[in-house]
Amino acid sequence: MREAALSTLPRAKNAPMRLPRQAWLLARNDLRQEMREWELVATAGFFTLVVLVMFALAFATLSRDAQVLAVPGMLWLTVAFVGALTLTRIFDRERESDTLRALLAAPVERLAIYLGKALVTLLVLLGCCAILVPGVVLLFPAAAPLAEHPIQTVTLVVLGCLAYTSVGTLFAAGLATSGGKNVLLSVILYPLTTPALIFALVATRALIENHPDFSKYLSQLAALDIVLVGLSGWLFESVLVGTGARRAPTTRRRRG
Amino acid sequence: MPAVTPLQLRAIGKRFGRLAVLRNVDLTVASGEIVGLIGANGSGKTTLLSIAMGLLPMSDGERWLGGRQVDDISIEQRAAMAFVTHTTQLYARLTARENMELWLSLRQAADASVGEIEPVLRRLGLGDAIDRTVGTFSRGMMQRLCLARALAGRPELLLLDEPFTSLDPPGRKRLAEVLREEADRGLAVLLSSHDYDAIISVTDRVVLLSGGRLVGEVVRADERGAEGFRDAVLALGRGSTREAAHA
Amino acid sequence: MGRLFPVILLGVGALTLPYSVQRVFLDTPIERTMGTVQKIFYFHVPLAWIMMLLAVVCGVAAGIQIRTRSERAEATAIAAAELVLVAGLGVLLTGPIWGHATWGKAWTWDARQVTTGLLWLVFASYVLVRHFGAAGSERLAAALAIFGAVNVPIIYYAVKIWKTTHPDNNVVGSLPPQMWASLWPALGGLLAMTLGLLWARIRLERAEIALDEAWVGVEDAPQEA
Amino acid sequence: MQLFEDFEPEGADAAGAAGEQAPALGGGEYEPVEGRDRQSIECQRACESVAAKKTASDYSHIVWAYGIIWALFCGYGILMWRRAQRLAADVEALRRRIDNGK
């Protein structure tokens with residue numbers, strides 16, 4: 001039984017369910033490895049706790065007005081730090097024995113690799129936010145509205161983390177295959193994700209202040225999410241393995 | 001046996017800026033044929049295999065798969081190819097069975113083929129280690145597991161980058177036997193190696209890559225016999241080292 | 001034609017800019033609330049527009065490069081990114097000078113300042129990745145440029161979303177005609193200058209690529225003979 | 001010119017300086033000129049000096065801003081010129097190499 005042949009037509013898209021299935025299989029594979037050691041969750045969760053304690057020590061005496069400004073910053077700064085940590089680890093795991101290259105050579109949709117990795121990163125980030133947000137609410141009285149509007153808070157956190165993850169996964173994967181230095185990741189990641197984080201920041205502040213524009217900011221963040229996920233998904237294959245038609249053979253101008 | 005040629009590389013060139021890694025390389029691998037790729041370190045063997053597998057874009061030339069020119073290798077085409085590298089490419093935290101399961105379930109619509117895992121592993125001498133974590137394996141065992149994973153997908157074209165490096169003599173012998181069996185069923189194999197003895201024992205044809213270009217070829221002709229082929233390959237290898245020393 | 005074009009553009013720029021300086025300083029009324037210093041506006045704002053235009057050019061070229069692997073697109077992306085850095089530095093330096101004179105504070109952490117700075121940083125990291133990245137990182141850099149270009153509209157709307165000290169976007173729309181009349185030559189001159197430099201830089205980059213190929217070709221020749 | 005003619009009949013010698021230091025509160029022999037009392041003149045001078053200072057600082061700001069833009073473009077031009085020089089040297093090396101090869 002041969003399931004495929006080299007002589008089949010290229011780009012025969014005959015398996016519509018392949019993408020979600022493969023994405024889920026890859027995410028499950030990552031989660032399964034994680035459940036052997038709890039390495040990612042433990043380091044990221046511990047890191048979140050440490051940051052939270054440091055915030056408590058540094059900012060506990062802030063006035064209520066100042067807290068309104070400080071709390072959104074703490075929240076999204078921590079997400080940025082934890083995100084960079086998680087992304088580095090999650091692709092280090094694929095680099096250890098070059099499994100990412102194996103996946104690229106395997107009959108796997110490239111988009112499925114992206115979605116699987118992004119899903120795991122998102123889950124880890126959300127897990128950290130499950131520590132972070134209640135912690136912030138407990139420590140800073142001004143953050144109480146976050147607890148009073150749980151649905152809005154959860155939506156906001158998911159959308160914000162999604163924005164970060166979508167961009168981060170693309171560039172972490174790109175660096176993992178280009179044999180580059182991981183140091184470049186933070187250099188690239190922080191300026192690129194800051195616009196998304198600023199949107200999340202503004203929305204968080206609106207939520208804390210019970211500002212009527214909150215839903216507007218939230219929908220803007222959602223629109224940004226769609227743009228970022230779409231763009232990253234579109235670029236993922238090209239960044240990991242060069243695609244597209246080969247450069248057309250140009251007639252060389254004479255050089256003299 | 002399919003009539004088409006699984007892999008044909010025409011005038012492949014690969015440059016990184018001013019550095020030409022491959023120049024004008026023509027290479028064909030037919031069904032049932034095992035082709036050996038020899039050459040010094042840095043002669044472009046791994047680059048050539050990566051280009052054949054579509055993991056690197058080429059700067060010049062054409063890649064033909066199954067009689068058709070291919071710029072972007074489709075999923076269906078990748079399903080008919082397999083690439084085993086000297087890096088093990090296995091998840092060290094998972095068991096051999098789980099690694100195989102992941103690969104087979106990624107390929108197929110249902111987890112139907114999971115029953116095939118044990119025979120394949122046993123064939124490569126890993127029958128006792130099925131449920132051990134890959135992290136506890138020796139390099140040689142990992143290499144065999146990789147090969148098992150590649151063969152389980154029943155490819156038409158198998159690319160191997162330094163498959164003999166960490167195998168012990170019995171392991172090499174077994175690998176050679178398995179490759180020969182698969183080739184007899186129509187598999188096309190392209191493998192690179194430093195190990196002349198292993199190459200001589202398994203290949204039908206040996207090509208020498210030097211400085212990014214193909215500089216020599218020896219075909220195992222029936223009338224020449226094993227010794228003749230052996231001497232020709234060794235002479236080819238000596239020629240390349242002399243050339244390298246000269247340059 | 002290819003050789004002449006940048007020279008023509010640079011020449012047009014060299015002629016237009018003195019004329020626009022003369023217009024700005026002698027023929028344009030002094031703005032009532034900000035005074036003479038408002039004249040920085042005639043160079044700051046066009047330069048900011050040019051920077052954004054170049055960022056978009058770079059993003060589009062990078063998109064074409066990643067799809068078709070065209071060397072022309074690649075050279076364009078590199079040249080545009082470098083000029084984004086030059087123009088961006090101009091915007092980021094003249095902005096605080098203007099701000100220092102009118103608001104009394106050079107850097108106010110205003111949203112548009114911050115996002116312009118971010119855009120600049122994104123393209124700086126593009127140039128860095130191009131220079132120091134490993135082989136194959138040109139695709140990563142291209143993705144970086146595409147994201148940088150996507151940031152441009154975000155920057156543009158940032159002012160509307162976050163009401164801050166920066167003049168609103170529609171200030172430009174409500175300018176008196178005399179000020180518009182002075183803005184056009186300044187914009188034209190700067191644009192001609194930048195495009196001339198862009199064109200020259202693209203030619204240079206392509207010459208470099210062709211030279212790389214020529215070297216590879218020469219190394220081929222003696223061994224074939 | 002009109003101003004001087006007003007002062008002419010009383011003291012022609014002092015006329016030149018009168019514009020600067022009109023002794024508005026001094027004596028009764030001079031008829032105070034409309035709008036030229038000491039207070040308003042001092043006020044005007046103060047305004048003028050503030051304006052002059054502002055204009056001077058504005059101009060220095062403008063000169064800086066303008067200079068920076070030019071310096072940046074020139075700097076980039078120089079960088080590009082140096083790059084072109086390097087490229088020309090490279091072409092020369094290539095040409096020599098080809099000539100040697102033949």
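Here the structure is a predicted model, which means the values were calculated and not measured. Reminder, nothing fancy here: chain letters follow the sequence lines and each chain counts from 1.
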**Q.** Interatomic spacing from CG in A:Leu192 to OG in C:Ser125 - rounded to 0.5 Å
**A.** 6.0 Å
Q. Side chain, backbone, both or neither: which part of A:Leu224 has a non-hydrogen atom closer than 4.5 Å to chain C?
A. side chain
Q. If you round to the nearest 0.5 Å, how far is CG of A:Leu235 from CD1 of C:Ile146?
A. 4.5 Å
Q) Is the closest side-chain heavy-atom distance between C:Leu140 and A:Ile188 below 4.5 Å? A) yes
Q | Nearest non-hydrogen partners of A:Val167 and C:Phe147, listed with the distance | A | CG2-CE2, 3.9 Å
Q. Is C:His100 atom NE2 crowded by more than 12 heavy atoms from other residues, nucleotides or ligands, each under 6.0 Å away?
A. no
**Q.** Nearest-0.5 Å distance, OH of residue A:Tyr190 to CG of residue C:Leu118
**A.** 14.0 Å
Q) Out of C:Arg69, C:Arg67, C:Gln65, which one pairs with A:Ser238 under the side-chain contact (heavy atoms from CB on, under 4.5 Å) rule? A) C:Arg67
